[in-house]
Amino acid sequence: MADARIVEIGDAVVTLVGNEWVTRGGPDDAVSAPFEFELDTAKLAGRQVWVFPSAYSGGPATRGDDQNDYTIVVTVAELYTAAGPIDPLWVRARIAWCEWLLNLLGDPRAGRLLADADDPDTGLWPQEAEATTVYDLEELSERRLFFSVLTVHYREQVEG
(Lines give C-alpha, C1' and ligand atoms only; values in the text may rest on other atoms or scores of the structure.)
Protein backbone atom coordinates (compact mmCIF):
# COMPACT_ATOMS: atom_id res chain seq x y z
CA MET A 1 0.00 0.00 0.00
CA ALA A 2 1.34 3.42 -0.92
CA ASP A 3 1.84 6.08 1.74
CA ALA A 4 -0.37 9.15 1.82
CA ARG A 5 1.27 12.10 0.06
CA ILE A 6 1.80 14.00 3.33
CA VAL A 7 3.64 10.99 4.83
CA GLU A 8 5.79 10.80 1.69
CA ILE A 9 6.59 14.52 2.08
CA GLY A 10 7.54 14.03 5.74
CA ASP A 11 9.87 11.19 4.75
CA ALA A 12 11.42 13.42 2.05
CA VAL A 13 12.04 16.12 4.68
CA VAL A 14 13.77 13.53 6.90
CA THR A 15 15.98 12.51 3.96
CA LEU A 16 16.80 16.12 3.09
CA VAL A 17 17.77 16.99 6.66
CA GLY A 18 19.71 13.75 7.05
CA ASN A 19 21.70 14.43 3.88
CA GLU A 20 22.44 18.10 4.63
CA TRP A 21 23.17 17.77 8.37
CA VAL A 22 26.77 16.76 7.89
CA THR A 23 28.30 18.26 11.05
CA ARG A 24 26.68 16.41 13.91
CA GLY A 25 27.56 16.93 17.53
CA GLY A 26 27.65 13.25 18.38
CA PRO A 27 26.56 9.73 17.49
CA ASP A 28 23.15 10.16 19.15
CA ASP A 29 22.09 13.10 16.93
CA ALA A 30 19.26 11.93 14.69
CA VAL A 31 16.38 12.94 12.43
CA SER A 32 13.23 10.83 12.14
CA ALA A 33 9.51 10.86 11.45
CA PRO A 34 7.98 8.88 14.32
CA PHE A 35 4.30 7.96 14.43
CA GLU A 36 4.40 7.69 18.22
CA PHE A 37 6.02 10.32 20.36
CA GLU A 38 6.82 10.63 24.05
CA LEU A 39 9.34 13.19 25.17
CA ASP A 40 11.14 11.38 27.99
CA THR A 41 14.15 13.49 28.95
CA ALA A 42 15.61 10.58 30.94
CA LYS A 43 16.07 8.70 27.64
CA LEU A 44 16.90 11.68 25.42
CA ALA A 45 20.44 11.68 24.04
CA GLY A 46 21.96 14.04 21.49
CA ARG A 47 20.04 16.46 19.28
CA GLN A 48 16.79 15.00 18.04
CA VAL A 49 14.90 16.31 15.04
CA TRP A 50 11.38 14.95 14.66
CA VAL A 51 9.26 15.51 11.55
CA PHE A 52 5.47 15.33 11.76
CA PRO A 53 2.74 15.71 9.14
CA SER A 54 0.34 18.39 10.34
CA ALA A 55 -2.22 19.39 7.70
CA TYR A 56 -3.01 19.26 4.00
CA SER A 57 -5.50 20.81 1.64
CA GLY A 58 -6.16 21.07 -2.06
CA GLY A 59 -8.19 22.89 -4.65
CA PRO A 60 -8.16 24.16 -8.20
CA ALA A 61 -5.33 26.53 -9.18
CA THR A 62 -6.29 26.96 -12.83
CA ARG A 63 -8.83 25.36 -15.11
CA GLY A 64 -6.41 22.47 -15.69
CA ASP A 65 -4.27 22.30 -12.55
CA ASP A 66 -4.87 21.66 -8.89
CA GLN A 67 -2.92 23.21 -6.04
CA ASN A 68 -2.09 21.08 -3.01
CA ASP A 69 -0.73 22.44 0.25
CA TYR A 70 0.96 20.41 2.98
CA THR A 71 2.09 21.50 6.43
CA ILE A 72 5.03 19.78 8.11
CA VAL A 73 6.01 20.47 11.72
CA VAL A 74 9.64 19.92 12.70
CA THR A 75 10.68 19.84 16.34
CA VAL A 76 14.23 20.05 17.64
CA ALA A 77 15.08 18.86 21.14
CA GLU A 78 18.36 18.66 23.05
CA LEU A 79 19.17 18.43 26.75
CA TYR A 80 21.69 20.69 28.42
CA THR A 81 23.81 18.15 30.27
CA ALA A 82 26.59 20.27 31.76
CA ALA A 83 26.50 21.12 35.44
CA GLY A 84 25.62 24.59 36.61
CA PRO A 85 23.54 27.32 34.99
CA ILE A 86 22.66 26.97 31.32
CA ASP A 87 25.30 28.64 29.16
CA PRO A 88 23.68 31.35 26.99
CA LEU A 89 26.19 30.53 24.22
CA TRP A 90 24.87 26.95 24.15
CA VAL A 91 21.32 28.24 23.70
CA ARG A 92 22.41 30.71 21.00
CA ALA A 93 24.20 27.93 19.11
CA ARG A 94 21.01 25.83 19.05
CA ILE A 95 18.94 28.81 17.91
CA ALA A 96 21.46 29.40 15.11
CA TRP A 97 21.27 25.73 14.12
CA CYS A 98 17.46 25.90 14.00
CA GLU A 99 17.75 28.99 11.80
CA TRP A 100 20.02 26.97 9.47
CA LEU A 101 17.42 24.19 9.44
CA LEU A 102 14.59 26.62 8.70
CA ASN A 103 16.61 28.14 5.85
CA LEU A 104 17.27 24.65 4.47
CA LEU A 105 13.61 23.64 4.54
CA GLY A 106 12.19 27.04 3.62
CA ASP A 107 14.37 28.01 0.63
CA PRO A 108 12.03 28.37 -2.39
CA ARG A 109 15.05 28.72 -4.71
CA ALA A 110 16.52 25.33 -3.79
CA GLY A 111 15.64 22.14 -5.58
CA ARG A 112 12.06 21.05 -5.16
CA LEU A 113 11.07 18.32 -2.76
CA LEU A 114 10.08 15.07 -4.51
CA ALA A 115 10.76 16.48 -8.00
CA ASP A 116 10.93 14.03 -10.90
CA ALA A 117 14.54 13.39 -11.85
CA ASP A 118 13.87 14.38 -15.46
CA ASP A 119 11.77 17.46 -14.63
CA PRO A 120 13.05 19.72 -11.81
CA ASP A 121 9.95 21.95 -12.16
CA THR A 122 7.80 19.21 -10.62
CA GLY A 123 7.54 18.54 -6.92
CA LEU A 124 6.92 20.79 -3.97
CA TRP A 125 8.33 24.13 -2.96
CA PRO A 126 8.15 25.80 0.44
CA GLN A 127 5.43 28.42 0.35
CA GLU A 128 6.07 29.60 3.89
CA ALA A 129 8.44 28.62 6.68
CA GLU A 130 8.49 29.92 10.23
CA ALA A 131 9.93 29.23 13.65
CA THR A 132 6.69 29.03 15.62
CA THR A 133 8.64 28.46 18.85
CA VAL A 134 12.25 29.66 18.80
CA TYR A 135 12.74 27.82 22.10
CA ASP A 136 10.38 26.87 24.87
CA LEU A 137 11.44 28.94 27.88
CA GLU A 138 9.53 26.78 30.35
CA GLU A 139 11.15 23.55 29.06
CA LEU A 140 14.58 25.17 29.19
CA SER A 141 14.06 26.52 32.71
CA GLU A 142 12.40 23.46 34.24
CA ARG A 143 13.90 20.48 32.42
CA ARG A 144 17.07 22.02 30.87
CA LEU A 145 15.61 21.06 27.50
CA PHE A 146 16.08 23.16 24.39
CA PHE A 147 12.87 22.63 22.41
CA SER A 148 12.13 24.45 19.16
CA VAL A 149 9.22 24.12 16.72
CA LEU A 150 9.44 24.94 13.01
CA THR A 151 6.53 24.87 10.59
CA VAL A 152 6.91 24.59 6.82
CA HIS A 153 4.06 24.88 4.32
CA TYR A 154 4.83 23.11 1.04
CA ARG A 155 2.88 23.62 -2.17
CA GLU A 156 2.61 21.76 -5.45
CA GLN A 157 0.60 22.13 -8.65
CA VAL A 158 -0.51 18.99 -10.42
CA GLU A 159 -2.70 18.25 -13.40
CA GLY A 160 -6.33 18.19 -12.35
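For the numbers below, each heavy atom of this structure counts, side chains included, while hydrogens, waters and symmetry mates do not.
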Should Trp21 and Val51 be counted in the same cluster of Ile, Leu, Val, Met, Phe, Trp and Tyr side chains packed under 4.5 Å apart?
yes
Can you check whether Trp125 and Tyr154 have ring centres sitting under 6.0 Å from each other?
no
Could you tell me which non-hydrogen atom of Thr71 sits nearest to which non-hydrogen atom of His153, and how far apart they are?
OG1-ND1, 2.9 Å
Working for salt bridge (charged side-chain N to carboxylate O under 4.0 Å, His left out), residues Arg155 and Asp69
CA-CA 5 Å; Arg155 178 169 285 167; Asp69 293 309; 2.6 Å; yes
Between the side chain of Thr75 and the main-chain N/O of Val149, is any donor-acceptor distance below 3.5 Å?
no
Check ring pair (Phe, Tyr, Trp, His ring centres under 6.0 Å) between Phe147 and all other residues, then give those that pass, not counting sequence neighbours.
none
Given the rule in the side chain to side chain contact (heavy atoms under 4.5 Å, CB included) test, do Thr151 and Ile72 qualify, once you have shown the distances and angles that lead to the verdict?
CA-CA 6 Å; Thr151 303; Ile72 300 293; over 6 Å; no
Should Leu124 and Ile6 be regarded as members of a common hydrophobic cluster, given that ILVMFWY residues are connected when their side-chain heavy atoms come within less than 4.5 Å of each other, either directly or indirectly?
yes
Counting only heavy atoms not in Tyr56, do more than 12 sit closer than 6.0 Å to its OH atom?
no
Might you work through the salt bridge (charged side-chain N to carboxylate O under 4.0 Å, His left out) test for Arg5 and Glu156, ending with a clear yes or no?
CA-CA 11 Å; Arg5 183 70 164 159; Glu156 69 179 341; 2.7 Å; yes
Contacts of Phe35 meeting ring pair (Phe, Tyr, Trp, His ring centres under 6.0 Å) (sequence neighbours excluded), chain-then-number -> none
Distance-only donor-acceptor hits, side chain of residues 95-114, under 3.5 Å, sequence neighbours excluded:
residue, atom, partner, partner atom, Å
Asn103, ND2, Glu99, O, 3.3
Asp107, OD1, Arg109, N, 2.9
Arg112, NH1, Asp121, O, 2.4

